[in-house]
Amino acid sequence: FTLIGATNMRAALGFRLDELPAQWWTVGTYLFVHGGFWTLVLNVYLLFVFGPRLENAWGTRVFRNFYFWCGLGGWLAHVLLVRDATLIGATGAVLGVSMAYALRWPEDEVYLFLTFPIPVRWLVAALVAITLGVGAMQSGDGGGLPYLAHAGGLAAAWLFWRTSTAGAGFDRLRQRVNSVPDLPDEPPRAVPRSM
């Protein structure tokens, strides 16, 4: 921001519906521009806490696609519900990563303020409630508009979790498949429970 300036950076990388198709790249670059220092710090911290384990469990490619999927969900919510404001920030995608972590490992504990242990599911639930609650309170003066993109990122994460095998990995697959006794001349096999 020092060399280019915050206004120029926001204009070049932030998404505005009225600037399409001329600035088509902003559909993805809005995720890399933040409106304030503390928003950037919180997003980086949450990715640092929740991202590596999800990436390790899913693989880099699936994790990257999931992150951008959540960002696209935030973008779509913005396009459908807001339309006339500049969209910047990765909070929708980062909240999606946090929610996926909480769905996968709900009983893991994270130390709040490096002191108080709290289960991940409650920490993420509090983050979601605060994010969406503050947005609802500020929506009267236009300040809550970015929170609709956050809700879009969360909705995209939930949709991914419900429809993808990466969401639950082999645990969900094992629940849906039942072992069948092997025949003497055949390799081991499994069939769906519905058969």
Side-chain angles (χ1 to χ4, degrees), residues 1-2 4 6 9-10 12-15 25-78 86-135 144-169:
F1 285 147
T2 305
I4 300 172
M9 186 68 76
R10 189 177 289 218
L13 301 177
F15 174 80
W25 61 86
T26 60
V27 171
T29 59
Y30 86 88
L31 287 164
F32 302 102
V33 182
H34 285 77
F37 175 75
W38 291 111
T39 305
L40 176 64
V41 167
L42 179 63
N43 284 340
V44 169
Y45 178 72
L46 289 174
L47 272 180
F48 174 74
V49 170
F50 298 124
R53 189 166 179 199
L54 267 178
E55 182 180 4
N56 188 36
W58 290 351
T60 301
R61 182 173 169 226
V62 174
F63 178 78
R64 181 192 64 227
N65 291 343
F66 171 74
Y67 181 82
F68 284 115
W69 171 257
C70 292
L72 189 62
W75 171 82
L76 184 61
H78 177 81
T86 302
L87 177 62
I88 58 171
T91 307
V94 171
L95 284 174
V97 169
S98 302
M99 187 170 86
Y101 189 100
L103 289 170
R104 178 86 188 242
W105 299 287
E107 298 303 323
D108 278 7
E109 288 188 342
V110 175
Y111 285 89
L112 188 63
F113 305 118
L114 303 174
T115 309
F116 307 107
I118 183 171
V120 169
R121 66 181 164 164
W122 295 116
L123 176 65
V124 172
L127 282 172
V128 169
I130 289 168
T131 300
L132 299 181
V134 168
L145 297 178
Y147 296 93
L148 294 172
H150 301 171
L154 287 165
W158 183 84
L159 183 64
F160 180 91
W161 184 262
R162 297 296 297 166
T163 60
S164 172
T165 57

To the nearest 0.5 Å, what is the distance between [atom1] on [X] and [atom2] on [Y]?
X      : Y      : atom1 : atom2 : result
His150 : Leu154 : NE2   : CG    : 9.0 Å
Ser164 : Trp69  : OG    : CH2   : 10.5 Å
Thr91  : His34  : OG1   : NE2   : 5.0 Å
Leu103 : Arg162 : CG    : CZ    : 9.5 Å
Phe160 : Leu72  : CZ    : CG    : 13.0 Å
Ile88  : Thr39  : CD1   : OG1   : 8.5 Å

**Message:** Considering only residues two or more places apart or on different chains, which pairs with a residue in residues 116-132 satisfy salt bridge (Lys or Arg N to Asp or Glu O under 4.0 Å)?
**Reply:** Glu107-Arg121
**Message:** Can you confirm whether Trp105 sits close enough to Leu54 that some side-chain heavy atom of one is under 4.5 Å from a side-chain heavy atom of the other?
**Reply:** yes
**Prompt:** Do Val97 and Leu46 have side chains that get closer than 4.5 Å, going by heavy atoms?
**Reply:** no
**Request:** Anything under 30° is parallel, anything over 60° is perpendicular, the rest tilted; go ahead and classify Trp58 against Phe63.
**Result:** tilted
**Item:** Polar side-chain atom of Trp161 near backbone of Ala100 as donor-acceptor pair, under 3.5 Å
**Value:** no
**Message:** Tell me whether Tyr30 contacts the main-chain N or O of Gly71 through its side chain, where contact means a donor paired with an acceptor under 3.5 Å.
**Reply:** yes
Where do [X] and [Y] come nearest, in terms of heavy atoms and distance?
X      : Y      : value
Ala149 : Ala77  : CA-CB, 4.4 Å
Pro106 : Pro119 : O-CB, 4.0 Å
Ala156 : Gly73  : CB-CA, 3.8 Å

**Request:** Take Tyr45 and Val94, measure what side-chain contact (heavy atoms from CB on, under 4.5 Å) needs, and give me the verdict at the end.
**Result:** CA-CA 10 Å; Tyr45 178 72; Val94 171; over 6 Å; no
For [X], all residues meeting side-chain contact (heavy atoms from CB on, under 4.5 Å), sequence neighbours excluded:
X      : result
Val120 : Phe50, Tyr101, Ala102, Asp108, Val110, Val124
Phe68  : Leu31, Phe32, Arg64
Phe116 : Leu112, Phe113

**Message:** Just to verify, what does Thr60 make a side chain to side chain donor-acceptor pair (under 3.5 Å) with, not counting sequence neighbours?
**Reply:** Glu55
**Message:** Applying side chain to side chain donor-acceptor pair (under 3.5 Å), can you list everything that pairs with Thr26, at least two apart in sequence or on another chain?
**Reply:** none
**Message:** Atom CH2 of residue position Trp122 - does it have more than 12 heavy atoms of other residues, nucleotides or ligands inside 6.0 Å?
**Reply:** no
**Request:** Could you go through the side-chain contact (heavy atoms from CB on, under 4.5 Å) check for Asn65 and Arg61 one step at a time?
**Result:** CA-CA 6 Å; Asn65 291 343; Arg61 182 173 169 226; 3.9 Å; yes
